Amino acid sequence: MGNMRRCRCTGFAGWLLAAAVLLAACLPPARASGRTALGAGSYEIGSSSLSLYVNAMGGIQFANGIYRGASVTVDGSGNAQLTLRFGAGQVTIYSITVDTFIHATPTVDGVQYTVPPGYYDPQGVVQTASYTLSGNTALDNNGAAVRYVDSMTFPVSVGTGTATYHLWLYVNSNVMGCQFGSGGGSAGSNSPGQLTSYAATLSVDWGSVQGGAADPGASEPDPQQTPGAQPTGSPGQAPSDGEEEGPIGGSGLVEIPAVIRLASTVETASYTVSARDLDLPPGAHMAVAASPEGTLRNGGDEIAFANTLAGEVLQASGDTLTGVIQLGGSPSNVGSYTGTAWFTIRVVREDG
């Protein structure tokens with residue numbers, strides 16, 4: 001971060017100057033949890049699906065009726081948790097209607113098993129998710145009324161495209177049960193906690209995230225902001241919210257790192273914007289704004305990032321602003337990801 005991009009500003013009349021900064025990140029493969037460019041709050045996911053397919057019995061999709069949708073919650077530190085909603089479903093097997101549900105404590109041949117819902121981390125290891133039970137009941141394979149799982153929650157990294165996850169779910173019914181996982185085993189039905197050839201595959205389109213209810217105690221960016229919103233004005237264009245009032249005058253140098261590097265072991269990087277040789281008329285200051293979002297790329301893989309600048313006013317030489325770049329996705333390629341962060345710089349009067 002030793003090299004600086006220097007933007008000299010003279011004779012401003014309120015127009016914008018754009019500064020582009022290269023971001024470079026050398027990243028490992030995806031992790032199970034991470035930071036996100038979304039502000040703190042809860043967001044509904046508009047497009048997601050769960051597959052619990054068994055190719056026997058003519059082919060049965062056990063997720064029908066069970067899967068009810070997903071939402072993501074982001075805390076004040078940028079950590080994201082994905083919540084899946086479940087209910088009781090029904091499938092038809094050879095003209096027989098079977099009630100289905102996710103069961104955390106099934107009983108088979110008089111033995112009760114504990115198989116809480118889980119998710120596979122990037123290393124292929126099953127991690128237990130937090131879950132809730134419904135106040136309603138369904139009949140299990142022993143004819144007993146049991147409370148079924150109606151939600152599960154686990155950490156994720158919010159990306160920009162469609163992500164696929166493998167889950168660890170035991171689907172029970174009033175006939176029999178089956179363990180779903182990554183699909184790499186050989187156990188049969190009524191084998192809780194044993195790997196079968198049947199996969200539980202969740203697909204989430206992160207581009208379909210909708211709305212967001214703000215967390216009142218959070219200090220993160222306002223989740224009501226429209227995704228992809230840019231600062232007022234565009235590079236090389238005059239602001240559109242007022243008429244030209246004549247040159248404000250003054251000059252100065254704004255220094256921004258030419259390259260901001262993120263090491264492979266971190267998800268955030270800080271940088272400093274500083275003012276030098278400011279010579280501004282009374283009642284004026286230098287204003288610096290960072291475009292809040294951008295994208296890093298490595299081949300066909302993309303990772304969103306958030307760019308947050310603490311404050312925007314530079315009034316005297318030596319004044320500084322601290323910025324933070326925060327990744328919001330899970331890299332699937334090993335290697336260097338690069339992108340561009342945009343800044344706008346202008347001289348403004350104290351009265352606007």
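Computation of the quantities below employed the complete heavy-atom set of this structure, encompassing side-chain atoms and omitting hydrogens, waters and symmetry-equivalent molecules. Since the model is a prediction, treat every value here as computed from it, not as a measurement.
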Check: Y120 side chain, S182 main-chain N or O, donor-acceptor pair, under 3.5 Å: yes
Sub-4.5 Å side-chain heavy-atom contact between I303 and T295: no
CG on N55 to CD1 on I60, rounded to 0.5 Å: 10.5 Å
V125 backbone acceptor or donor facing Q123 side chain under 3.5 Å: no
Working for side chain to side chain contact (heavy atoms under 4.5 Å, CB included), residues I66 and V171: CA-CA 9 Å; I66 288 180; V171 177; 4.0 Å; yes
hydrophobic_cluster_shared for M176 and L169, side chain cutoff 4.5 Å: yes
Shortest non-hydrogen contact between A310 and L321, atoms and distance: O-CD2, 3.7 Å
N64 side, atom CG; Y53 side, atom OH - distance, nearest 0.5 Å: 11.0 Å
Nearest heavy atoms of T164 and S203, plus distance in Å: OG1-OG, 3.9 Å
Between OG on residue S270 and CD1 on residue I325, distance to nearest 0.5 Å: 10.0 Å
Within one Ile-Leu-Val-Met-Phe-Trp-Tyr cluster: Y170 and L167, side-chain cutoff 4.5 Å: no
Joint hydrophobic cluster, Y131 plus F62, side-chain heavy atoms closer than 4.5 Å: yes
Side-chain donor or acceptor of N79 paired with backbone N/O of D75 under 3.5 Å: no
Full working for side chain to side chain contact (heavy atoms under 4.5 Å, CB included) between R147 and S134: CA-CA 6 Å; R147 295 173 62 192; S134 173; 5.7 Å; no
Residue pairs, two or more places apart or on separate chains, that pass salt bridge (charged side-chain N to carboxylate O under 4.0 Å, His left out) and touch residues 78-93: E44-R85
Verdict with reasoning, V204 to V72, per side chain to side chain contact (heavy atoms under 4.5 Å, CB included): CA-CA 11 Å; V204 175; V72 63; over 6 Å; no
Exam field: side chain N142 to backbone A144, donor-acceptor pair closer than 3.5 Å: no
Criterion side-chain contact (heavy atoms from CB on, under 4.5 Å) against V254, the qualifying member of V288, D277, D319: V288
Check: D99/S173 side-chain N/O donor and acceptor closer than 3.5 Å: no
Whether F86 and Y67 hold their rings parallel, tilted or perpendicular, with breakpoints at 30° and 60°: tilted
Within one Ile-Leu-Val-Met-Phe-Trp-Tyr cluster: L50 and V98, side-chain cutoff 4.5 Å: yes
Spatial distance of atom CD (Q81) from atom CE (M152) [nearest 0.5 Å]: 11.0 Å
Minimum heavy-atom distance L82-A70, with the two atoms named: CD1-CB, 4.2 Å
Intermediate values then yes/no, side chain to side chain contact (heavy atoms under 4.5 Å, CB included), Y113 and V108: CA-CA 8 Å; Y113 296 82; V108 178; 4.0 Å; yes
Y43 vs S71 side-chain heavy atoms within contact, under 4.5 Å: no
Donor-acceptor contact present, side-chain S208 to main-chain S47, <3.5 Å: yes
From CG (L314) to CD1 (I345), nearest 0.5 Å: 8.5 Å
Minimum heavy-atom distance W206-I45, with the two atoms named: CZ3-CD1, 3.8 Å
Residue pair V115 / P106, side-chain heavy-atom distance below 4.5 Å: yes
NE2-CD distance between H285 and Q315, expressed to the nearest 0.5 angstrom: 7.0 Å
Y165 versus T201, side-chain donor and acceptor atoms under 3.5 Å: no
Heavy-atom closest contact (Y271 atom, T308 atom, distance): OH-O, 4.4 Å
T83 and S151 side chains, donor-acceptor separation under 3.5 Å: no
Donor-acceptor contact below 3.5 Å, side chain Q90 vs main chain T100: no
Heavy-atom closest contact (R276 atom, S317 atom, distance): C-OG, 3.7 Å
Co-membership, hydrophobic cluster, residues V324 and L327, 4.5 Å side-chain: no
side-chain hydrogen bond (donor to acceptor under 3.5 Å, both in side chains) partner of H103, chosen from N172, D140, N141: N172
Heavy-atom donor-acceptor pair, Q326 side chain to N307 backbone, under 3.5 Å: no
